[in-house]
Amino acid sequence: MKNKELELSLSKGHRSIIKNAAFVYASLLINQVSRAVYVIVLARVLGPELYGLLAYGQAWYLAFVPLSLFGLGTLLVRALGRDREKGGRIAKNIAAIRLITILVSAAASGVVGVSLSDSPVVSALMVVFAIALVGRAASLWADEMFQGYEVNHFSYRQAKVFRTSEVLLGMVIALLTKDVIWVAAGHALVWSAQGARGLVLVNRHLQSLAPKWQWPEIKLLLVAAIPLGFSSLFQGLMLQGGIMLYRGSGAADQLVGNFAIIVQALMILGSLFEALSRAALPAVSRSVARGDANHRVYVSVMIRSAFVFGALAAVWALAIGADLVKLVLGARFQLAGEWLWLMLWVLVPFIIKQAVINTLVAHGNYGRAMWLGFVGVLSLTGAVLLLLGPYGFPGVITGMLIGFSVYAAVALLVIVRMRLIEHAEDIPKLAAIVTLTVLVYLALAGYRPWLAAIAGTMVLFSGVILLGVVRETEKNAILSLILRRP
């Protein structure tokens, strides 16, 4: 007898995820297309040296963004997903905390960044990006409210206006001035406008965010948020830490610029699944509260997707990555093209990380999420520092891959032991399929790389189907979703 709880029918919870994911992906599409165009134009106009400086400044302030949010957004979305009335009251207490954390984080980003800078240009960038941090944090705060109330069409509208504006303004400034400080100022201006507009929309259409200074409630929120805040900080450092460690080691800005390009590629592709995780959190939290199995199915599907998507991206990057990067960005970024394939393997543990964190948060296991992040940062930092000296550019990438992989391996052990995943037996099968895919590619790559990539892709999807990694109920759910009329 089939376990009906495990069937991926289009229940109310699934429809909620799909509806909100549609708006999240629409805004994501705008964000990522705009981001890709923005990166390409800036990289070509500024060149790897100046782009490396800009990327370092952005990595620095983005590392402070989790401190400004302090993990409170996860609590907010989870609370609103479970109980709108109670979540609305929590939102006002969070508003009181946020006013302080955003300003303190921006000040810390600017002051510490300036004190550690090695040139007047870097100092100026740190000040400008500290201003950008305030706007970006406010924008993310508004997005959390949209997500919690499951009205992600507001995020879509925001992205449509402001990401397009950022691209156009950035292109004009870069072409006219070729000055990274002015480009950074344009970035800060657009994010400040988006943050202000987002909070206006929240107050006008959802609820008032007038802060409530109720110390007993604020104290409880802070205690709950501390592990989430550190978890978010650790996750941000895992993405941005590579750039900061590389430049901090004394690497030339030209090399940092090449490295930043492939980090951007990782972030753009990884954000596809990050957006799905954000859209799914309210429904996953309700699934946990109900005690059904949908949350276990969610993490299972995400982990299987990680292996397939990551392997697919890496194999095709091996085949055409170098030529594609050279065509789009020019010969000055040849190094980025040569090593893009290695960075894209990070997608596998990156997506697993997102799925596990979402699941732990939905269950209220904030402490485990924090310690997993700590393990990841420690592993990544140690591996990068160990490999950077003898291997240079590829050593940093390998260090990131090791750090993310250690994180993902420990995370999988945690959720398997906690029985928070369905079909854990599929993981070894997927690893075997991915290994076979790589072997087929390598066997044929000397003949025609593109042909080898096609053969590897066929092996990958054939293996997934033949070994039963995709369940019959999941196939039916996909067909139902495709055939069902809106």
Side-chain angles (χ1 to χ4, degrees), residues 2-3 6-10 14 17-18 21 25 266 269-277 280 293-321 341-342 344-356 358-359 401 404-405 408-409 411-413 415-416 420-445 449-483:
K2 292 183 179 179
N3 185 348
L6 300 181
E7 292 189 9
L8 292 177
S9 59
L10 290 176
H14 291 117
I17 294 176
I18 293 166
Y25 272 105
L266 169 67
L269 293 175
S271 64
L272 297 170
F273 291 86
E274 191 175 11
L276 180 57
S277 293
N294 288 333
H295 59 281
R296 295 197 297 271
V297 176
Y298 153 80
V299 73
S300 174
V301 172
M302 286 285 285
I303 288 171
R304 283 176 279 163
S305 300
F307 280 94
V308 175
F309 187 73
L312 199 62
V315 164
W316 278 99
L318 267 170
I320 64 172
W341 65 273
L342 184 57
L344 292 189
W345 276 115
V346 179
L347 280 169
V348 177
F350 177 86
I351 298 168
I352 292 173
K353 174 181 74 71
Q354 288 299 130
V356 172
N358 231 32
T359 301
L401 179 57
F404 273 93
S405 297
L412 286 174
L413 287 174
I415 62 170
V416 168
L420 299 182
I421 180 175
E422 296 293 335
H423 311 304
E425 69 276 6
D426 287 340
I427 296 174
K429 293 180 185 178
L430 285 163
I433 294 167
V434 169
T435 301
L436 181 59
T437 299
V438 174
L439 291 175
V440 168
Y441 174 84
L442 293 176
L444 298 174
W450 61 267
L451 182 62
I454 292 174
T457 302
M458 293 174 65
V459 168
L460 181 64
F461 285 110
S462 299
V464 166
I465 294 170
L466 293 175
L467 292 183
V469 175
V470 179
R471 300 295 185 280
E472 192 64 34
T473 51
E474 293 163 357
K475 295 176 187 175
N476 293 337
I478 293 170
L479 287 174
S480 298
L481 178 59
I482 294 171
L483 298 175

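The shown structure was predicted, so the numbers you read here are calculated from the model rather than taken from an experiment.
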| Nearest-0.5 Å distance that lies between atom CG in L266 and atom CZ in F350 | 6.0 Å
| task | Only pairs at least two apart or in different chains count here, so list each side chain to side chain donor-acceptor pair (under 3.5 Å) that has a residue in residues 306-316. | result | W316-T457
| Least distance between heavy atoms, G456 atom then T437 atom | O-CG2, 3.2 Å
| message | For a quick test of reading the model, state the closest non-hydrogen atom pair linking A431 to T435 and the distance between them. | response | O-OG1, 2.8 Å
| query | Quick one: does I433's side chain get under 4.5 Å of F307's, heavy atoms only? | reply | no
| request: Drop me the distance from F309's CZ to L344's CG, to the nearest 0.5 angstrom. | output: 8.5 Å
| Looking at residues at least two apart in the chain, or sitting in another chain, which of them share a side chain to side chain contact (heavy atoms under 4.5 Å, CB included) with V356? | I352, L360, L372, A411, I415
| field | Shortest non-hydrogen contact from R304 toward L430 | value | CG-CD1, 3.4 Å
| query | Below 4.5 Å, heavy atoms only, C-beta onward: do V348 and F404 meet side chain to side chain? | reply | no
| request: Can you sort out the partners of W341 under side-chain hydrogen bond (donor to acceptor under 3.5 Å, both in side chains), two or more places apart, ordered by chain and number? | output: none
| Partners meeting side-chain hydrogen bond (donor to acceptor under 3.5 Å, both in side chains) with S305 (sequence neighbours left out) | none
| query | Are the side chains of W345 and V434 in touch, meaning some heavy atoms are under 4.5 Å apart? | reply | yes
| task | Under the side chain to side chain contact (heavy atoms under 4.5 Å, CB included) rule, collect the residues that match up with L444, sequence neighbours excluded. | result | V440, A452, A455
| Minimum heavy-atom separation for L347 to A313, with atom names? | CD1-CB, 3.7 Å
| Verdict with reasoning, L312 to F461, per side chain to side chain contact (heavy atoms under 4.5 Å, CB included) | CA-CA 10 Å; L312 199 62; F461 285 110; 4.1 Å; yes
| field | Nearest heavy-atom neighbours spanning P449 and A319 | value | O-CB, 3.5 Å
